[in-house]
Amino acid sequence: MNLRRTLLCGQCFRWREIAPDVFAGTAGGRRLVLTQQDLPKLEQNPFWRRYFDFDTDYETLRGQLAELHPNLREAARQSAGIHILRQDPWEALCSFILSQNNNIPRIQGIVSRLCQETEEPLPHAAFQESAAAHPFPRPETLAGLTEAQLAPLRCGFRARYLLDAAQKVADGTVPLEQLRTVPLAEARAALMQIVGVGPKVADCTLLYGLHRMEAFPVDVWMKRAMAQWFPGVEPAAFGAAAGLAQQYIFNWARNGVAAG
DNA sequence: CACCAGGCTCCGA
DNA sequence: TCGGAGCATGGT
């Protein structure tokens, strides 16, 4: 696994490179500071082993995807070592609601403020001690707030989307855990009941939050990339790991074809 | 000042 | 069903 490619590829907004090759972030109420050398230790920890999805053979998946199309082979080559994280579905849903018509640095800031201002710090260090970690607020917590109370987040028109998501998750209208196993189209429709959740946000939630690897989020970059490099190819052609292919292609499009 | 940011809602035709 | 303005906020 390649840490930088995995943590900073835009699938998650809670990790930063705090020094060269040193990454810090929070998941499941746990704060972690690590480098590439810490990975063997990390695999021994049940929580982080699952979060980083060490039990999936990404090298084999990458080889299989590379066989499907010459351009996908090149995209996959540049993204070697990327894992799809097993993020908390509620946190992923909120993150991608906040991501719409927005840029990554600002999304990170909003998510950070959301955690800081609605939850108490959880001092917990799995590997290396660091500043207090703020866990992601539970849906029930957010559901009890008003748009005015979210004003400090400065997330603009997305505030009411966040509250609608919180209410529908808290009252069971959108049963996130059940969406792991129902047919993909059904899961997608369930998420799109939420005001502010369209196809892109729904698919990102499915892929990154519920680890539905067949989900294929399409944004403006992907539309261009598919038309340019995969004319006539349907996402379904990428099969059960289409979401991983999407991440390869997204990186390829965003970093430029020449990037290594 | 304009334009953009891992989109979506809402409105009119 | 489809297209396009408007949307809060912050950065360049």
Side-chain angles (χ1 to χ4, degrees), chain A residues 4-16 25 75 78-79 82-85 87 89 91-114 116-117 142 145-169 173-174 187-230 235 238 242-257 259:
Chain A
R4 178 178 291 101
R5 289 177 183 170
T6 295
L7 295 176
L8 304 183
C9 68
Q11 64 171 313
C12 179
F13 303 100
R14 297 218 72 193
W15 293 92
R16 319 286 172 89
Q78 292 187 15
S79 288
I82 281 192
H83 284 206
I84 302 295
L85 298 170
Q87 299 181 53
E91 177 172 340
L93 170 60
C94 291
S95 299
F96 286 96
I97 284 174
L98 293 168
S99 80
Q100 64 180 267
N101 198 12
N102 209 344
N103 56 71
I104 290 177
R106 195 161 82 98
I107 299 163
Q108 290 176 330
I110 293 170
V111 172
S112 175
R113 289 193 291 277
L114 176 60
Q116 248 157 4
E117 294 175 17
L142 236 55
L145 301 181
T146 65
E147 276 189 61
Q149 288 173 297
L150 293 183
L153 297 182
R154 284 166 289 150
C155 66
F157 60 86
R158 306 166 192 84
R160 80 179 178 101
Y161 301 163
L162 219 49
L163 292 181
D164 193 62
Q167 287 156 15
K168 288 185 170 130
V169 170
T173 303
V174 179
R188 199 171 190 242
L191 286 166
M192 286 175 62
Q193 293 179 90
I194 297 165
V195 180
V197 175
K200 165 63 168 49
V201 171
D203 286 347
C204 283
T205 303
L206 287 166
L207 176 58
Y208 300 120
L210 293 154
H211 215 262
R212 298 290 301 256
M213 295 273 276
E214 73 272 42
F216 193 93
V218 176
D219 62 5
V220 287
W221 287 94
M222 283 304 298
K223 273 193 192 119
R224 278 217 308 264
M226 291 303 286
Q228 186 178 347
W229 296 323
F230 302 92
F238 297 140
L244 184 59
Q246 177 271 157
Q247 187 67 66
Y248 293 157
I249 297 166
F250 175 77
N251 293 343
W252 202 39
R254 199 181 54 164
N255 298 335
V257 179

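Order of the sequence lines fixes the chain letters, A, B, ..., with proteins taken first and strands second; residue numbering starts at 1 for each chain.
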Of all of residues 190-205 of chain A, which get a heavy atom below 4.0 angstrom from DNA chain C, listed by number?
none
Test: A/Asp219 and A/Lys223 ion pair at under 4.0 Å
no
Does a side-chain heavy-atom distance below 4.5 Å link A/Val174 with A/Leu93?
no
When you measure only distances, ignoring hydrogens and angles, does the side chain of A/Arg106 come within 3.5 Å of the base of C/dT9 through a donor and an acceptor?
yes
Would you say the side-chain atoms of A/Glu91 and A/Tyr208 include a donor-acceptor pair closer than 3.5 Å?
no
For a quick check of understanding: with a heavy-atom distance under 4.0 Å over all strands, which category does A/Cys12 fall into, base, sugar-phosphate or nothing?
nothing
Same-atom distance (C1') from C/dA5 to B/dC3, integer angstrom
16 Å
With ring centroids as reference points, do A/Phe96 and A/Phe13 lie under 6.0 angstrom apart?
yes
Do A/Ile107 and A/Ile110 make a side-chain contact, defined as non-hydrogen atoms from C-beta onward lying under 4.5 Å apart?
no
A/Gln100 or A/Trp221, whichever maps to the more 5' nucleotide of DNA chain B:
A/Trp221
Rounded to whole Å, the CZ-C1' distance (A/Arg154 to C/dG11) equals 13 Å
Expressed as a whole number of angstroms, how long is the span from A/Gln108:CD to C/dG11:P?
13 Å
Within the 4.5 Å heavy-atom criterion, are A/Asn102 and A/Arg158 side-chain neighbours or not?
yes
Please state the P separation for the pair C/dG3 and B/dG6 - nearest whole angstrom.
24 Å
Ranking A/Phe13 and A/Tyr161 by the position along DNA chain B of their nearest nucleotide, the one closer to 5' is A/Phe13
Reckon A/Glu147 touches a base, only the sugar-phosphate, or nothing at all at heavy-atom distances under 4.0 Å?
nothing
Length of the CG-P vector between A/Asn102 and C/dT12, whole Å
14 Å
Quick check against the 3.5 Å criterion: does A/Thr146 have a side-chain atom that pairs as donor or acceptor with the backbone of A/Gln149?
yes
For atom P, what is the distance between C/dG10 and B/dT9, given to the nearest Å?
23 Å
Quickly work out the A/Leu162 CG to C/dT9 P distance and round it to whole Å.
14 Å
Using a 4.5 Å cut-off on heavy atoms from C-beta on, say whether the side chain of A/Cys94 contacts that of A/Leu162.
yes
Flag side-chain contact, heavy atom, 4.5 Å: A/Trp229 against A/Arg224:
no
Go through the structure and list residues passing salt bridge (Lys or Arg N to Asp or Glu O under 4.0 Å) with A/Arg212, not counting sequence neighbours.
A/Glu214
Bounded by its outermost nucleotides with an atom under 4.0 Å from a heavy atom of chain A, the footprint on DNA chain B reads B/dA5 to B/dC10
Does a side-chain N or O of A/Arg158 approach OP1 or OP2 of C/dA8 to a distance below 4.0 Å, or not?
no
With sugar-phosphate meaning primed atoms plus P, OP1 and OP2, does A/Ile110 contact a base, only sugar-phosphate, or nothing at under 4.0 Å between heavy atoms?
nothing
Just call it for A/Phe250: base, sugar-phosphate, or nothing, with non-hydrogen atoms closer than 4.0 Å on any strand.
base
